[in-house]
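Lettering of chains follows the sequences in order, A, B, ..., and the numbering in each one begins at 1. Remember, predicted model here, so these are calculated numbers, not experimental data.
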2 protein chains.
Amino acid sequence: MPPKTSFDWANVRKRRFGVWRYRELLPISDNVEPVTMCEGGTPLIKLNRAVDGHVYVKFEGANPTGSFKDRGMTVGVTIAKHIGVKGVVVASTGNTAASAAAYAARAGLACVVVLPRGGVAKGKLAQSLLHGARIVEVDGVFDDALEEVFTEVVINGKKDLYPLNSYNPWRLEGQKTIAFEIVDELSEVPDAIVVPVGNAGNISAIWKGFKELYNYGLISKLPRMIGVQAEGAAPLVATWNRKSETLLEIEKPYTIASAIRIGKPVNWLKALNAVKESNGTFIAVSDNEILNSVKDLAQYEGIGVEPASAASLAGYRKAIDLGILNRDDSVVLIATGHALKDPDTISKIF
Amino acid sequence: MPPKTSFDWANVRKRRFGVWRYRELLPISDNVEPVTMCEGGTPLIKLNRAVDGHVYVKFEGANPTGSFKDRGMTVGVTIAKHIGVKGVVVASTGNTAASAAAYAARAGLACVVVLPRGGVAKGKLAQSLLHGARIVEVDGVFDDALEEVFTEVVINGKKDLYPLNSYNPWRLEGQKTIAFEIVDELSEVPDAIVVPVGNAGNISAIWKGFKELYNYGLISKLPRMIGVQAEGAAPLVATWNRKSETLLEIEKPYTIASAIRIGKPVNWLKALNAVKESNGTFIAVSDNEILNSVKDLAQYEGIGVEPASAASLAGYRKAIDLGILNRDDSVVLIATGHALKDPDTISKIF
């Protein structure tokens with residue numbers, strides 16, 4: 001870790017807004033050349049009409065491939081190229097695949113994406129094809145795809161393919177920059193961050209980012225982390241509510257929000273710790289609540305998101321109703337992916 | 001126009017990278033509140049593998065609605081709201097509609113979009129629906145849609161709908177910030193800018209931006225403007241090559257690049273002047289060349305664009321072959337919209 005003194009807001013703010021602005025806070029040597037497409041630096045949009053209060057959307061759909069995954073992938077693929085692998089492999093509900101395919105292409109690496117058959121939104125599948133990834137479809141859900149990758153790479157030892165799923169720590173290093181950008185732009189720490197939770201890497205990474213800023217003395221308080229899952233795919237909500245010390249897995253997760261249709265999140269323990277340490281909570285929302293939030297973000301705020309992203313607004317509303325958050329709390333909702341990722345679901349609703 | 005002295009790079013660079021960073025160069029009073037989603041500030045990506053030389057892509061697909069249209073729309077809708085209209089109306093091949101729908105929603109204004117039936121890519125249509133626009137389909141191409149808007153609003157006098165097509169000067173004021181951002185980020189002026197040309201607003205606006213910087217003494221040279229059209233929709237190439245003083249219209253424009261499927265560009269005269277003044281040219285490229293460029297940007301550079309955007313790379317290659325540009329010229333290719341706008345065309349190719 002860099003010494004506290006090497007990071008200075010005034011100095012880093014001279015650089016382009018985005019992941020690599022915070023290079024001193026990434027554990028990557030100066031001589032390593034990033035594989036980058038200027039990811040990050042995404043809009044922080046104040047909500048004016050959908051809700052009252054001090055609520056912002058961090059719109060990750062404005063990343064190069066249309067989701068927050070690009071933050072982790074720029075770091076992960078930078079490392080993959082640096083250590084000299086031939087290719088990368090990911091299991092994915094679609095966004096990770098699109099991002100891995102794009103960044104691997106940029107780095108000149110092969111890319112294999114393992115997808116749940118029939119479970120990937122159209123735009124994401126098109127992106128994997130477009131960027132030249134080899135697509136392997138498995139029967140089942142994301143969790144089965146991840147097991148396939150794990151078996152092939154770790155058990156069967158296909159070491160020429162570097163696995164870039166979110167248990168890969170480099171991915172989380174990139175994703176933690178969401179926290180840095182929020183503080184950079186607001187010049188203060190919000191009371192809470194509300195994050196859609198699938199494989200649970202993002203909420204863990206964002207919390208890591210805030211804690212680092214705090215530990216370096218760059219901020220003086222920490223936000224509460226609120227994780228939101230869809231009712232049909234809510235293993236962490238169950239685990240949290242029942243105070244279980246092991247993950248209460250969901251065998252057949254289902255939600256219209258395909259990006260968070262995950263029953264066995266690999267980062268469950270990190271996510272539980274993030275929520276516990278931050279005095280936060282996990283909340284489940286229904287598919288109907290998600291779709292209403294998609295509509296409200298689009299028609300009152302102009303923000304077009306895929307269903308999983310809108311879980312954060314749905315979760316925020318529930319947190320207000322339940323008295324978990326107050327109306328005058330300052331809150332940032334993470335909107336993870338663009339509406340264009342999933343035009344079929346949109347067309348079905350409207 | 002502001003006095004030269006009110007603009008200072010060091011000062012404006014303290015603001016968020018994007019359209020409103022350059023507020024002193026936009027003709028909008030300080031007391032007018034922008035309708036904004038932090039548009040602009042898009043990636044400028046150095047090409048490493050698809051071509052040699054100093055070639056960058058300005059990736060406008062990373063705007064909030066996935067195309068450069070957001071730059072013009074933030075300014076246009078800000079003005080529409082300020083003057084107190086009830087709603088806005090646009091004719092569109094799809095991207096303008098998506099952007100108008102989103103920004104109108106954010107401003108609480110009604111939005112009517114007039115589209116050529118069957119001529120709009122799926123993602124764009126989904127966006128218009130999502131953001132709650134009223135969709136009117138007309139038989140024919142974009143030019144017929146635009147005539148419909150003109151007739152309804154100007155001839156039939158439906159003054160409660162404010163027209164936001166690219167003959168609206170406010171749109172061009174927003175779009176000119178592409179020039180500002182290029183200079184801001186590179187700290188120099190490229191030798192050439194290559195722009196896909198449909199209704200010809202963007203090339204006119206970008207040129208306006210460079211000229212303003214030049215006239216204020218903020219830059220000391222100007223780039224050449226290279227306009228690229230698809231062979232089946234190339235009225236400006238024909239007009240330029242034949243040195244015609246009137247536009248040689250195309251009655252039935254056709255190209256796979258639906259965003260530039262336009263036969264009677266309203267900004268033709270401004271675009272001709274931009275190219276003439278800048279010692280540039282117009283170039284036609286085939287649909288095959290466009291699709292090859294889509295593929296090369298995606299598979300060598302990781303950049304996912306809709307077909308119209310790739311016309312700029314195809315045009316650059318042709319300009320090199322024809323000796324119009326040199327391999328060591330520094331060049332910025334404008335990539336106007338995201339691959340996710342048109343997943344069907346991508347799926348068809350791959």
Turns out that what part of A/E185 lies under 4.5 Å from chain B's heavy atoms comes down to side chain

Given B/K122, B/R13, B/K14, the one with more heavy-atom pairs under 4.5 angstrom with chain A than any other is B/K122

(Q) Taking atom CZ as the centre, does B/R117 end up with more than 12 heavy-atom neighbours from other residues, nucleotides or ligands that are less than 6.0 angstrom away? (A) yes

Distance col, row A/L340:CG vs B/H338:NE2, nearest 0.5 angstrom, shows 8.0 Å

Rounding to 0.5 Å, atoms OG (B/S347) and CG (A/L130) come to a distance of 9.5 Å

Max heavy-atom pairs within cutoff under 4.5 Å with chain A, candidates B/R16, B/Q127, B/E301, B/K124, goes to B/R16

- Message: More than 12 heavy atoms of other residues, nucleotides or ligands under 6.0 Å from CG of A/D52: yes or no?
- Response: no

Okay, A/D344 and chain B: the region with an atom under 4.5 Å from a heavy atom over there is side chain

d(A/F17 CZ, B/C38 SG) to nearest 0.5 Å is 8.5 Å

So OG1 of A/T36 and NZ of B/K46: to nearest 0.5 Å the spacing works out to 13.5 Å

If you tally heavy-atom pairs under 4.5 Å between each of A/G61, A/G108, A/G66 and chain B, the highest tally belongs to A/G108

Interatomic distance, NE2@B/H131 vs CD1@A/I346, rounded to 0.5 Å, equals 7.5 Å

So CZ of A/R106 and CD of B/Q299: to nearest 0.5 Å the spacing works out to 14.5 Å

Okay, A/I303 and chain B: the region with an atom under 4.5 Å from a heavy atom over there is both

- Kindly check if the number of other-residue, nucleotide or ligand heavy atoms within 6.0 Å of OH (A/Y300) is above 12? no

Most contact-rich option vs chain A, by heavy-atom pairs under 4.5 angstrom, among B/A298, B/A104, B/A102, B/A339, is B/A298

Scored by heavy-atom pairs under 4.5 Å with chain B, the best of A/V35, A/T42, A/V294, A/L125 is A/T42

Would you indicate whether A/R134, at its atom CZ, is surrounded by more than 12 heavy atoms from other residues, nucleotides or ligands within a distance under 6.0 Å? no

Chain B shares the most heavy-atom pairs under 4.5 Å, among A/G18, A/A62, A/P343, A/P43, with A/P43

